[in-house]
J.: 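Take this structure, written in structure tokens, and hold onto it; I'll ask about it next.
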Amino acid sequence: MGSVFRRFCCCCCAADDDGDDDEKQPLVPQDPLEYFNQEVQKRRDEETNLWSEPGDRSHSERPDDRVLHTLLQARNKTRMGSTGYRRLSVDIEAMRDTRREVREKWKIILENLGFTAEADSLLGVSVGASLDGMRNAPAARQLLQTLHTDTSLFPSREPPPERYLLILDRLLYLDVAEDFLAKAKRFYPPKEDSDEETPGLAINLPLLLARVEALNGRATEEDEESEGDD
């Protein structure tokens with residue numbers, strides 16, 4: 001598996017080198033330290049939030065990403081240690097835990113297929129990753145839909161996260177996608193409707209949005225009151 005994975009990585013690097021020189025970014029930015037800090041923050045943000053659609057930098061196109069992004073923004077505007085801050089933190093961690101649980105299931109299957117050392121790299125998706133560079137987009141999309149309907153890899157009836165299209169494209173290139181599908185059906189068969197979601201892990205997106213909007217409205221009123229007092 002290691003040699004196959006190295007071949008995959010080398011081909012990815014070669015594909016990146018084929019781009020037009022005019023489209024390449026400068027090798028040395030004006031402020032290297034600031035650039036490095038930004039890249040570290042982007043990677044930390046991706047690893048923490050596991051955006052469903054990483055190519056959407058605004059995190060506004062998918063409802064689940066939009067809710068999480070809105071929660072994060074609301075918490076940034078809320079006084080740390082307050083009741084509102086703690087409630088937002090609970091909701092944020094609930095969404096992150098659900099996403100981490102999905103990723104862990106994928107990692108278990110990959111390790112079972114022999115990608116023990118490469119699982120994290122195969123599951124890594126950078127912020128801003130585009131679907132345009134996929135080699136087998138139709139096959140990857142069909143596989144993702146099959147995984148969504150025929151397994152319990154994903155905890156929701158909502159469309160599966162598009163980040164996994166990129167991962168399936170890699171597995172198709174490595175010629176292990178069908179093996180992955182077979183393992184997924186075996187390890188995580190579809191659940192009965194009554195057992196589909198554990199109440200504690202269910203994410204009510206409309207409720208979360210309503211809560212955030214209420215908090216934002218309250219903050220706006222407080223700001224207006226404080227301006228009136230001045």
Side-chain angles (χ1 to χ4, degrees), residues 34 36-108 120 123-131 144-145 147-148 151-167 188 191 195-227:
E34 181 181 356
F36 174 77
N37 289 335
Q38 290 175 351
E39 291 302 308
V40 169
Q41 183 58 44
K42 286 180 183 178
R43 180 168 296 184
R44 186 181 297 119
D45 174 76
E46 167 56 31
E47 292 173 351
T48 302
N49 297 311
L50 297 173
W51 299 109
S52 295
E53 194 167 332
D56 173 23
R57 294 180 181 273
S58 67
H59 310 303
S60 61
E61 295 183 7
R62 275 184 62 104
D64 55 339
D65 277 354
R66 185 166 62 250
V67 168
L68 179 56
H69 184 59
T70 305
L71 289 170
L72 290 167
Q73 286 184 316
R75 189 174 68 171
N76 289 338
K77 300 174 183 178
T78 305
R79 180 173 58 84
M80 186 177 297
S82 65
T83 301
Y85 187 94
R86 291 194 296 271
R87 287 176 178 172
L88 287 167
S89 295
V90 169
D91 293 335
I92 289 168
E93 285 308 309
M95 294 194 73
R96 286 173 170 174
D97 285 343
T98 300
R99 295 174 179 216
R100 283 192 288 261
E101 182 182 338
V102 173
R103 186 183 187 279
E104 188 62 25
K105 290 178 180 178
W106 282 66
K107 184 176 180 180
I108 288 172
D120 286 329
L123 291 171
V125 178
S126 60
V127 177
S130 173
L131 303 181
L144 184 62
Q145 185 58 37
L147 287 168
H148 186 228
T151 75
S152 57
L153 277 179
F154 304 104
S156 172
R157 292 187 179 92
E158 298 295 324
E162 290 206 346
R163 65 180 298 109
Y164 290 100
L165 281 174
L166 297 164
I167 297 167
Y188 303 104
K191 296 180 180 179
D195 300 330
E196 182 123 344
E197 288 190 354
T198 306
L201 292 178
I203 302 297
N204 190 327
L205 297 184
L207 178 61
L208 288 179
L209 272 178
R211 187 180 302 172
V212 170
E213 289 173 357
L215 286 169
N216 287 340
R218 190 181 311 160
T220 302
E221 291 176 0
E222 292 175 355
D223 291 341
E224 291 176 351
E225 290 176 2
S226 62
E227 289 176 1

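Here the structure is a predicted model, which means the values were calculated and not measured.
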J.: Would you say that L68 contacts W51 through its side chain, given a criterion of any heavy-atom pair below 4.5 Å between the two side chains?
T.: yes
J.: Taking all heavy atoms of T78 and all of G84, pick out the closest pair and write down the distance.
T.: CG2-C, 4.0 Å
J.: Please find the pair of heavy atoms, one from L144 and one from P161, that lie closest to each other, and give the distance.
T.: CD2-O, 3.8 Å
J.: Looking only at non-hydrogen atoms, find the nearest pair between R62 and P160 and report the distance.
T.: NH1-O, 3.2 Å
J.: Closest heavy-atom contact between V102 and L153?
T.: CG2-O, 3.6 Å
J.: Looking only at non-hydrogen atoms, find the nearest pair between S89 and R75 and report the distance.
T.: OG-NH1, 3.1 Å
J.: By side chain to side chain donor-acceptor pair (under 3.5 Å), which residues pair with H148, not counting sequence neighbours?
T.: none
J.: List the residues meeting side chain to side chain donor-acceptor pair (under 3.5 Å) with S126, not counting sequence neighbours, and say none if there are none.
T.: none
J.: For a 4.5 angstrom cut-off between non-hydrogen side-chain atoms, does T83 reach R87?
T.: yes
J.: Could you list the residues that satisfy salt bridge (Lys or Arg N to Asp or Glu O under 4.0 Å) with R99, not counting sequence neighbours?
T.: D64, D65
J.: Would a 4.5 Å heavy-atom cut-off, applied to side chains only, mark R103 and D120 as touching?
T.: yes
J.: Testing E104, R163, K107 one by one against L123 for a side-chain contact (heavy atoms from CB on, under 4.5 Å), which residue passes?
T.: K107
J.: At their closest point, which heavy atom of R79 faces which heavy atom of Y85, and how far apart are they?
T.: O-CB, 3.3 Å
J.: Mind checking salt bridge (Lys or Arg N to Asp or Glu O under 4.0 Å) for E93 and listing every partner two or more places apart, or none if nothing turns up?
T.: R96, R100
J.: Would you give the length of the straight line joining atom CD1 of I92 to atom CG of D97, rounded to the nearest 0.5 angstrom?
T.: 12.0 Å
J.: Below 30° counts as parallel, above 60° as perpendicular, anything between as tilted: where do the rings of W106 and F154 land?
T.: tilted
J.: Donor-acceptor check, side chain of R66 to backbone of H59, threshold 3.5 angstrom: yes or no?
T.: no
J.: Excluding sequence neighbours, so at least two apart, what forms salt bridge (Lys or Arg N to Asp or Glu O under 4.0 Å) with E162?
T.: R141
J.: Nearest 0.5 angstrom please: T151 OG1 to K191 NZ, how far?
T.: 10.5 Å
J.: With sequence neighbours left out, what residues match S58 under side-chain contact (heavy atoms from CB on, under 4.5 Å)?
T.: D56, S60
